[in-house]
Amino acid sequence: MLMSQSYFGLSVDNDLYFGTDRYYSSGIFLKYGRLKKKPKDSVDSQVYVSEHWTFGQEINTPSLRLTSDLNKIDYPYSGWLYLSFQKEYFQNLDFGYGWGLQIGTSGAEASLAKYFQNNYHIYILNLEPLSWAYSIPQSFLVNFDASALWGKQLNKKLKWVQENRIFVGSFRTNFSGRFGIQWGNLPGLPFFGQRLEDLSKGFALFAGTKFTLNFHDYSLTGSLFESNTSYNLKAKFFRKTLQGGLAYFRSGWRGQLMLNYTSAFITTQRINNHLYLNISLNKFF
């Protein structure tokens with residue numbers, strides 16, 4: 001067994017790989033984590049304890065990116081720039097739980113979403129800047145979350161895996177469940193969280209689904225307590241995402257691809273489904 005003490009990582013969500021640029025169009029996440037405690041460190045501890053920090057940005061975009069006509073905007077412009085802390089406890093490689101805290105800011109300018117997106121479109125893609133008309137307003141937001149993760153071995157390489165997570169706060173309040181089949185020789189739950197306890201060389205495939213019960217999402221509809229946007233949009237309560245992924249670990253590096261095919265987030269979306277890809281790369285020490 002190879003055990004890591006810490007890692008650095010970069011994770012990117014984008015739909016541009018498929019020639020689109022709409023809805024949840026971009027996510028960039030810088031990550032750092034470390035193993036704080038393992039069972040042999042203390043007779044009182046029978047769990048692996050790890051801590052994880054993420055500095056991230058999410059960007060939402062309507063399907064008609066250049067329009068300033070409010071009546072033609074089917075999805076909000078919004079940005080979310082945040083710092084998160086997560087703590088995870090694993091009794092073994094296939095069962096764990098955790099909690100987390102996220103603090104950040106919304107708004108086209110404060111989240112740097114308009115600046116980064118338009119500069120990327122102008123100087124990298126050689127496209128017109130997006131209008132960023134009527135964006136979700138700036139606000140300081142706080143969120144808490146709790147999670148439970150587990151897997152059950154079905155045979156030597158096949159495993160049933162599941163993750164349940166709840167978010168509560170001024171930015172996002174929802175309940176989500178991810179479940180599916182994992183196949184390969186990577187131990188533990190490589191598609192859920194950041195594994196540090198066992199980094200054996202190998203690969204794994206994942207096929208599954210995620211469902212979300214959305215009670216409130218500031219990035220979609222603004223404040224829960226007051227009307228603070230120009231949009232007359234209603235968020236979907238139930239959302240689902242089909243997922244397929246590949247994870248590979250070798251020589252202290254882990255790469256991961258995760259394809260996401262989502263249902264609509266807004267009731268009046270012009271296009272009811274959305275496809276984007278996550279690419280992640282971590283270096284372990």
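All of these numbers come straight from a predicted model, not from anything done at the bench.
- A chain of hydrophobic side-chain contacts below 4.5 Å, direct or via other Ile, Leu, Val, Met, Phe, Trp or Tyr residues, connects L233 to L70.
- Other residues, nucleotides and ligands contribute at most 12 non-hydrogen atoms within 6.0 Å of the CG atom of N126.
- Residues F192 and R178 have side chains in contact (heavy-atom distance under 4.5 Å, counting atoms from C-beta outward).
- Within 6.0 Å of atom CZ in F238, more than 12 heavy atoms from other residues, nucleotides or ligands are found, so the atom counts as buried in its surroundings.
- For the atom pair L35 CG and Q5 CD, the distance stands at 5.5 Å (nearest 0.5 Å).
- Hydrophobic clustering (side-chain heavy atoms under 4.5 Å, transitive across Ile, Leu, Val, Met, Phe, Trp, Tyr) keeps Y82 apart from V142.
- Within a 6.0 Å sphere centred on CG of N228, heavy atoms belonging to other residues, nucleotides or ligands number more than 12.
- Between the side chain of S263 and the backbone N or O of K240 there is at least one donor-acceptor pair closer than 3.5 Å.
- Side-chain polar atoms of S176 and T212 form no donor-acceptor pair below 3.5 angstrom.
- Residues A110 and Q138 share a closest heavy-atom pair of CB-CD, 3.4 Å.
- Below 30°, between 30° and 60°, or above 60°: for F284 and Y7 the angle between ring planes is between 30° and 60°, a tilted geometry.
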**Study point:** Audit row: V161, I181, side chain to side chain contact (heavy atoms under 4.5 Å, CB included) steps and yes/no
**Key:** CA-CA 6 Å; V161 291; I181 294 296; over 6 Å; no
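- Paired with Y24 under the rule side chain to side chain donor-acceptor pair (under 3.5 Å), one option of T262, N14, D13 passes, and it is D13.
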Review point. Could you go step by step and tell me if F206 and Q243 meet the side chain to side chain contact (heavy atoms under 4.5 Å, CB included) rule?
Key: CA-CA 8 Å; F206 172 79; Q243 296 183 318; 3.8 Å; yes
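- By the 4.5 Å heavy-atom criterion applied to side chains, Q117 and L130 are counted as neighbours.
- With hydrogens and angles ignored, the 3.5 Å screen pairs no side-chain donor or acceptor of N260 with any backbone N or O of L275.
- Linking Ile, Leu, Val, Met, Phe, Trp and Tyr whenever their side-chain heavy atoms come within less than 4.5 Å leaves L281 and Y276 in two separate clusters.
- Under the ring pair (Phe, Tyr, Trp, His ring centres under 6.0 Å) criterion, F18 pairs with no residue, sequence neighbours left out.
- Within the structure, ring-ring contact (aromatic ring centres under 6.0 Å, His included) contacts touching residues 99-148 (residues at least two apart or in different chains) are Y77-W132, F85-W99.
- Judged purely by atom type and a 3.5 angstrom limit, K156 has no side-chain atom pairing as donor or acceptor with the backbone of G184.
- To the nearest 0.5 Å, atom OG1 of residue T268 and atom CG of residue N232 are 8.5 Å apart.
- Side-chain atoms of Q86 and Q102 form a donor-acceptor pair, as typed in the model, at a separation below 3.5 Å.
- A cation-pi geometry, defined here as NZ or CZ lying under 6.0 Å from the six-membered ring centre and within 45° of its normal, does not hold between R22 and Y75.
- In this structure, CZ on F171 lies 7.0 Å from CG on L141, to the nearest 0.5 angstrom.
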Review point. Under the side chain to side chain contact (heavy atoms under 4.5 Å, CB included) criterion, do F285 and F8 qualify, and how do the steps go?
Key: CA-CA 9 Å; F285 302 92; F8 287 98; 3.5 Å; yes
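- When all heavy atoms of L220 and A235 are compared, the pair lying nearest together is CD1-CB, 4.1 Å.
- T209 contributes a side-chain N or O that, together with a main-chain N or O of T241, makes up a donor-acceptor pair within less than 3.5 Å.
- Side-chain contact between R65 and D21 is present, with heavy atoms from C-beta onward closer than 4.5 Å.
- Counting only distance, with no hydrogens or angles, the side chain of S78 and the backbone of S219 share a donor-acceptor pair below 3.5 Å.
- Residue I103 is not grouped with residue I28 when hydrophobic side chains (ILVMFWY) are merged at heavy-atom distances under 4.5 angstrom, including chains of intermediate members.
- Cluster membership check: L259 shares its hydrophobic cluster with Y261, using side-chain heavy-atom separations under 4.5 Å among Ile, Leu, Val, Met, Phe, Trp and Tyr.
- Considering only heavy atoms from C-beta on, I166 stays 4.5 Å or farther from T173 through its side chain.
- In this structure, CG on N272 lies 13.0 Å from NE2 on H274, to the nearest 0.5 angstrom.
- Although no hydrogens or angles enter the test, the distance criterion places a donor-acceptor pair under 3.5 Å between the side chain of Q269 and the main chain of I266.
- Under the 4.5 Å side-chain criterion, counting only non-hydrogen atoms from C-beta, H52 is not in contact with Y32.
- With hydrogens and angles ignored, the 3.5 Å screen pairs a side-chain donor or acceptor of S106 with a backbone N or O of P137.
- For the pair S11 and N278, the minimum side-chain heavy-atom distance is below 4.5 Å.
- Atom OG of S139 and atom OH of Y218 lie 4.0 Å apart (nearest 0.5 Å).
- Shown here for Y248 and G202, the closest heavy-atom pair between the two residues is CD1-O, 3.3 Å.
- Aromatic ring pairs are classed by plane angle as parallel below 30°, tilted from 30° to 60° and perpendicular above 60°; the pair F215 and F237 is perpendicular.
- Using a cutoff of 4.0 Å between basic side-chain nitrogens and carboxylate oxygens, D94 and K152 are not scored as salt-bridged.
- Smallest separation of non-hydrogen atoms from R270 and S63: NH1-OG, 2.6 Å.
- Listed by chain and residue number, R172 satisfy the side chain to side chain donor-acceptor pair (under 3.5 Å) test with E58 (two or more places apart in sequence, or in another chain).
- In this structure, the side chain of S111 engages the main chain of A113 through a donor-acceptor pair within 3.5 Å.
- The two residues K159 and L189 come nearest to each other via the heavy atoms CD-CD2, 4.4 Å.
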Check your understanding: After noting the C-alpha distance and the side-chain angles of N155 and L158, does the key distance pass the side chain to side chain contact (heavy atoms under 4.5 Å, CB included) rule?
Key -> CA-CA 5 Å; N155 62 35; L158 193 65; 3.1 Å; yes
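- At least one side-chain heavy atom of E128 sits less than 4.5 Å from a side-chain heavy atom of L66.
- Looking only at side-chain heavy atoms (C-beta outward), S68 and S131 come within less than 4.5 Å of each other.
- Between Y97 and F95, the ring-plane angle classifies as tilted under the 30° and 60° cut-offs.
- Each of T61, D15, D74, N60 was scored for a side chain to side chain donor-acceptor pair (under 3.5 Å) with Y23, with one residue passing: D74.
- In plain terms, the two heavy atoms of Q182 and A204 that are nearest each other are CG-CB, 4.2 Å.
- Within the model, atoms CG of L257 and CG of L205 stand 10.5 Å from one another, a figure rounded to the nearest 0.5 Å.
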